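See below for the structure under consideration.
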Amino acid sequence: TVLILDFGSQYSHLITRRVREMGVYCELLPCTQKMSELHFKPKGIILSGSPYSVYDTDAPRVDPAVFESGVPILGICYGLQEMTNHMGGKVEACDHREYGHAMLNVIKHPNFPLADKLFEGLGDELKVWMSHGDQVTQAAPGFLVISKTNTAPFAAVAHESKPFFGIQFHPEVTHTDDGQAVLKNFVVNICHADASWTMDAFVDKEIARIRKIVGPHGRVVGAVSGGVDSTVAAKLMHEAIGDRFHAILVDNGVMRLNECANVKKMLGDKMGINIKVSDAADLFLGRLKGVTDPETKRKIIGNTFIEVFEAEAAIIDKECGGEIEYLLQGTLYPDVIESISFKGPSATIKTHHNVGGLLEDMKLKLIEPLRELFKDEVRALGKILGLDDELVWRHPFPGPGIAIRVLGEVTKEQVEIARLADNIYIEEIKKNGYYRQIAQAYAALLPIKAVGVMGDKRTYEQVIALRAVETKDFMTADIFASAEWFVCLKRISSRIINEVKGVNRVVYDISSKPPATIEWE
Ligand code: XMP
């Protein structure tokens with residue numbers, strides 16, 4: 001395992017990704033992590049970049065024990081500056097912030113073979129990506145300059161005798177040619193980390209781990225939604241403990257068209273998972289009556305979900321003699337990182353529906369088989385587990401479902417309109433080959449009426465808004481747009497207006513995130 005200490009750079013996750021792509025398992029932890037409290041012994045440590053300056057009074061500091069741990073260290077950008085600062089060198093602000101490509105000249109030191117290892121096999125010049133406002137102006141004692149650029153005399157440094165390296169550029173971004181090779185030199189050739197971490201190995205290890213935790217008789221209960229994460233987690237549990245995993249699908253009345261039946265068919269009939277559907281549509285819709293505030297809708301749905309799930313789990317528990325001990329959750333690595341960031345969990349913009357509240361009441365222990373994985377790793381895992389492509393590449397769907405896509409009051413009739421429009425939209429997107437290019441698409445029903453004309457008659461009906469975005473992380477998003485797509489939208493619009501009663505107008509949302517969010521509520 002390689003340890004990556006995060007100082008808050010937007011690229012920290014990318015370092016983690018790059019290292020895992022080499023088949024080396026690594027963990028990203030906040031820079032405040034105490035070495036004495038680490039639960040594993042790292043083969044090497046990478047210090048990330050940061051939006052801070054080392055001389056800021058509130059600058060994040062690394063545990064000094066890092067430098068005494070005896071393992072190789074690579075400082076990237078702020079990581080280099082923090083190491084330099086800590087070890088007695090100098091860091092100052094540049095005249096101008098440097099952002100973009102730079103040519104790196106590699107400087108060899110035949111008398112110091114360890115120092116040359118970072119750029120071994122990479123030639124004398126490297127095209128790299130820079131993004132920094134500070135730079136090293138005096139290397140710490142014992143450090144050699146191993147590369148420079150026109151503007152950065154200390155673009156990379158290495159210690160004469162210790163395996164300590166620092167680079168000003170960002171090897172983790174694809175704009176740095178050979179960035180992966182630099183990281184590989186560090187991780188594989190300098191740290192000698194084991195490069196055998198693969199998804200297949202993960203599956204075997206995780207199944208063994210689940211069996212060990214749950215024991216030969218224990219049972220696990222978990223909610224499924226038809227989304228990638230919960231389905232992959234459920235499939236993994238099923239592989240590990242078979243029918244001792246009990247999946248519960250709560251029909252909250254605001255799911256997509258035919259979703260419940262489809263999920264039951266797929267997980268139950270096709271995958272053989274023990275699944276129980278709880279039809280609670282009327283309960284949810286009853287509680288949503290008259291509610292228009294988005295956050296109130298989320299709270300009602302979240303709380304009602306917990307109530308229904310708990311009741312169903314209690315029935316199952318009783319039926320099988322009180323052997324349910326664990327609750328399955330499909331938590332992913334980004335959620336874990338977010339909750340442990342040294343800056344604290346990011347400010348809540350919208351409260352996301354989760355089942356955390358379940359644990360308190362039910363006295364269940366948590367089991368999270370996906371907590372080490374990124375979304376695309378979950379997809380790769382899904383493929384290995386034999387899930388259909390259609391499922392593996394499914395767009396995300398929010399827990400509160402169509403309730404936050406029917407703006408204003410949520411009624412059965414309004415949900416039905418949004419559902420039918422959404423179904424036509426997604427059907428056309430798939431038929432025209434756009435589904436994989438779009439990260440998320442859906443139809444929302446707006447709480448307004450518009451005038452139209454049909455035949456010779458004036459109409460006064462509702463408006464559907466279509467949304468389609470491109471994004472990798474769902475934190476920022478661009479609208480999906482192209483000339484051909486607009487032609488396709490024209491067809492979709494006319495199908496919706498013709499086929500969905502109560503709608504006479506369709507609009508396309510052209511707002512990016514930020515400042516808009518992906519959902520309308
Ligand atoms: P926003 O609207 O915040 O959405 O840009 C970002 C991503 O999160 C999804 N989303 C939710 N997912 N419960 C969820 O499980 C929620 O309350 C919720 N709100 C938004 C949204 O669909 C998008 O993928």
Side-chain angles (χ1 to χ4, degrees), residues 222-233 249-256 259 263 284 287-288 291-306 308-309 328-339 345-358 368 370 374-376 378-379 393-407 410 415 418-419 422 425-426 429 435-446 465-480 509-521:
V224 289
S225 66
V228 190
D229 305 345
S230 70
T231 309
V232 170
L249 175 64
V250 175
D251 182 355
N252 57 14
V254 285
M255 290 169 76
R256 284 168 285 198
E259 181 77 351
V263 174
F284 279 87
R287 289 189 183 170
L288 285 167
V291 178
T292 54
D293 175 61
E295 285 300 283
T296 312
K297 287 181 184 175
R298 277 194 172 77
K299 278 208 186 81
I300 291 173
I301 293 174
N303 293 339
T304 308
F305 176 87
I306 290 176
V308 173
F309 182 87
L328 169 72
Q329 261 198 305
T331 320
L332 303 194
Y333 202 48
D335 311 325
V336 176
I337 295 169
E338 181 143 314
S339 63
S346 49
T348 309
I349 296 168
K350 298 176 186 181
T351 48
H352 281 206
H353 170 93
N354 70 56
V355 290
L358 284 166
E368 297 175 304
L370 312 181
F374 288 97
K375 187 84 177 183
D376 55 340
V378 173
R379 293 204 158 111
W393 290 104
R394 234 171 162 202
H395 292 175
F397 184 71
I402 291 179
I404 56 168
R405 294 175 175 179
V406 166
L407 279 67
V410 183
V415 170
R419 214 174 235 166
D422 187 71
Y425 187 33
I426 301 298
I429 285 176
Y435 196 75
R436 286 277 289 275
Q437 295 173 47
I438 296 171
Q440 192 170 8
Y442 68 88
L445 180 61
L446 305 187
L466 302 179
R467 185 98 164 114
V469 295
E470 290 181 290
T471 172
K472 283 221 145 47
D473 56 9
F474 296 88
M475 304 292 285
T476 61
D478 269 331
I479 65 155
F480 186 69
D509 181 352
I510 53 169
S511 336
S512 53
K513 172 183 180 175
T517 51
I518 294 172
E519 303 291 344
W520 276 56
E521 286 196 336

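Just follow the structure's listing: the first ligand is 1, and inside any ligand the first atom is 1. All of these numbers come straight from a predicted model, not from anything done at the bench.
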Ligand 1 atoms in contact with [X] (distance to a heavy atom under 4.0 Å):
X	result
Pro400	13 (N), 16 (C), 17 (O)
Lys513	1 (P), 3 (O), 5 (O), 6 (C)
Thr517	1 (P), 2 (O), 5 (O)

Ion pair Arg405/Glu521, N-O distance below 4.0 Å: no
Between Glu259 and Arg394, is there a side-chain N and carboxylate O pair less than 4.0 Å apart? yes
Partner residues of Glu470 under the salt bridge (Lys or Arg N to Asp or Glu O under 4.0 Å) criterion, sequence neighbours left out: none
[atom]: which of [options] has the nearest heavy atom?
atom	options	answer
atom 15 (O) of ligand 1	Gly401, Ala439, Gly399	Gly399
atom 19 (N) of ligand 1	Glu519, Arg467, Arg298, His395	Arg298
atom 23 (C) of ligand 1	Gln440, Lys297, Glu295	Gln440

Phe480: partners by ring pair (Phe, Tyr, Trp, His ring centres under 6.0 Å), with sequence neighbours left out: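 Result, ring pair (Phe, Tyr, Trp, His ring centres under 6.0 Å) vs Phe480: Tyr434, Trp485.
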[X]-ligand 1 polar pair, N/O distance under 3.5 Å:
X	value
Ile518	yes
Arg405	no
Pro396	no

Of the non-hydrogen atoms in Ala465 and Leu446, which two are nearest, and what is the gap between them?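 Shortest heavy-atom contact: CB-CD2, 3.9 Å.
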Do you know the tightest heavy-atom contact between Gly226 and Ser230?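 Answer, listing the atom of Gly226 first, then Ser230: N-OG, 3.9 Å.
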Return yes if some donor-acceptor pair links the side-chain N/O of Lys513 with the main-chain N/O of Phe474 below 3.5 Å, else return no. yes
